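Here is the structure we will look at.
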Amino acid sequence: MSRLRDAFLDGLWRENPVFWQVLGICSALAVTTRVENALYMGAAVTVVAMGSNMMVSLLRRFIPRDVRLMVEMVIIAGFVALFDLYLKAFSYPMSQQLGPYVGLIVTNCIILGRTEAFALKNGVMESVADGLGNGLGYSAVLVVIAVIREVGGSGTFLGHQVLPAGAQPMRVLVAAPGAFIIMSLLAWAFQYMKEGRRV
Amino acid sequence: MSELLGIILAGVLTHNILLTGFLGMCSFIAISRDLRASLGLGLAVTFVATFTAGLNALIYNYFLAPGAMVWLLGDSARSIDLSFVSLIVFIAVIAGFVQVVEMVIQRWFPLLHGVLGIFLPLITVNCAILGVSLFMVIKGLTPFRATVYGFASGAGWALAIILMAAMRRRLDTSAMPRAFAGVPVTLLLTGLLAAAFSAFAGMEF
Amino acid sequence: MTEIESGNILKSLSFLGVVVLLTMGALAWTHTSWSKRILTNESASRHKAILEGVGVSTRGMDSNAIEYMFTKHFRSGSGGILRYTGPGGPLSCYPIRARGLWGPIEGWLIMEPDGHTIHSVVITHQEETPGLGAEVASPSFLARFRGRSIVYAGGRRLAVVKAGQARAEYEIDGISGATLTTRGFGQGLDSAMSMALKYGGSR
């Protein structure tokens with residue numbers, strides 16, 4: 001049980017992929033103009049990470065070493081395409097909002113990295129826990145950035161007006177430069193904590 | 001003609017795939033540490049983006065798009081829609097193309113292999129390349145325009161990483177808080193670069 | 001990766017092939033079972049804008065309800081024209097197909113029964129640059145057309161001109177910073193107006 005918990009907690013916090021390893025920030029920056037987008041994107045990454053970790057772990061004794069990267073890519077692409085279909089069928093406006101960024105989960109280094117570094121060497125349950133932890137850790141970062149950007153940049157939270165009507169929202173937060181600057185400040189804070197832990 | 005110029009200027013300046021689309025950030029942050037490597041990776045991305053966008057557009061427009069196979073199977077194929085496998089096909093084309101290019105330049109162009117060789121494997125997982133193919137579908141581009149768009153996006157990505165590498169050379173000798181060095185300062189500079197590029201937005205073409 | 005043995009390459013490739021086939025099979029099966037929902041969603045998202053354009057609110061409606069309202073209130077005529085007969089009607093809707101900088105711009109020119117007054121203009125599809133050309137779909141830009149006549153004295157037609165250069169009464173300001181989008185949209189709108197003049201009047 002503690003191994004499951006470790007696999008989960010490592011992904012969620014102790015080795016949070018976005019901050020400790022700066023992986024997969026493409027979509028973290030692109031889709032976080034609205035909190036709702038970030039929630040769906042986080043769910044997508046979590047589901048795909050769990051699914052592909054599970055499949056790769058199940059097949060780990062059979063996958064030939066020389067084509068294993070290709071096999072992992074195909075499995076990941078399959079799960080991503082599945083999630084894309086799900087959004088189109090059951091949440092069409094959101095699939096329009098996220099557009100190609102759902103497909104781009106395929107190249108999200110986190111997922112390929114986890115199948116390669118974890119699922120190939122560990123049992124099915126641990127791999128699913130690892131995928132869940134990494135996915136939720138990624139989603140948490142996404143949601144934090146999205147809250148800052150949506151509340152600060154549009155004055156809304158999940159589409160509801162939260163800033164008083166007179167307050168002028170900071171448009172730059174929604175634009176591309178704002179995303180980079182927020183991410184930079186958050187990364188600074190995280191690196192500061194990391195340094196503090198080491199010293 | 002002015003349309004093609006518009007696609008190129010938009011891809012490089014106003015609609016830069018890295019600075020406004022956030023694609024290819026992982027290798028951007030890792031590689032922009034080194035100017036020479038940035039040049040090499042920039043070239044490789046431009047090269048691969050140009051050709052994979054064209055190839056994927058051909059495959060999409062003639063096989064995968066809804067009703068695309070009418071030319072092959074006649075009117076009965078009007079309802080065939082294979083677009084749900086595009087993602088897997090695009091990834092396979094990109095991986096295959098990179099593999100073939102690597103073998104070809106290793107065999108016949110050793111000089112080029114010296115420049116690009118180590119970067120090619122990095123490219124399969126560069127989201128800018130896949131991003132170009134996915135955006136090309138959404139924009140509904142013809143194979144020719146997709147190739148131009150792929151070239152423009154790749155060149156824009158290369159421009160951004162080369163500019164960033166040049167800036168980061170100065171950072172090596174600047175004093176700053178230890179926790180701010182590395183990723184945070186690179187992201188901040190990227191933000192400023194994106195702000196500077198957004199000034200092109202008022203440009204008329 | 002020195003463990004690659006040439007004898008195994010065939011085995012490896014067939015393993016890869018099997019994984020690809022299984023994945024595609026699973027996708028094909030899912031796609032077939034969901035395709036009806038997906039098609040309804042796609043067509044409802046196209047019809048939503050035109051319903052809003054003629055003044056039918058689609059707030060909180062799901063795809064099936066939108067499709068129901070659309071088939072209830074609209075009749076299609078020749079040349080892709082739609083006639084609206086619901087509350088606030090009758091109105092005629094003429095398709096706008098324009099070339100933008102990035103791809104097609106599609107929408108509807110919705111005309112009052114008098115045949116020459118614009119009720120509203122809606123955009124159903126555009127891929128222009130956010131903040132620039134994409135303003136073509138913004139309520140503030142489209143509001144400029146509401147209630148304008150499409151014909152003026154001397155046979156002049158309503159025309160979209162470069163941003164800030166509208167002088168005469170038959171001119172409308174385009175989108176600033178997006179000359180190509182403005183030009184393409186203007187041409188598309190002009191052919192829709194030709195249709196409106198040809199088939200115009202109430203029916």
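All values reported here derive from a predicted model rather than from experimental measurement. Order of the sequence lines sets the chain letters (A, B, ...), proteins ahead of strands, with each chain counted from 1.
Residues of residues 84-99 of chain A that come closer than 4.5 Å to chain C, counting heavy atoms only, are A:Leu85, A:Tyr86, A:Lys88, A:Ala89, A:Phe90, A:Tyr92, ordered by residue number. Within residues 71-83 of chain A, the residues having any heavy atom under 4.5 Å from a heavy atom of chain C are, by residue number, A:Val71, A:Val74, A:Ile75, A:Gly78, A:Ala81, A:Leu82.
Of the listed residues C:Asn41, C:Val19, C:Asp62, the one with more heavy-atom pairs under 4.5 angstrom with chain A than any other is C:Asn41.
In C:Arg156, the CZ atom is not crowded: 12 or fewer heavy atoms of neighbouring residues, nucleotides or ligands sit closer than 6.0 Å. Shown here is A:Arg60, whose CZ atom has more than 12 heavy atoms of other residues, nucleotides or ligands within 6.0 Å. Annotation: C:Met24, atom CE; neighbour count of heavy atoms from other residues, nucleotides and ligands within 6.0 Å is above 12.
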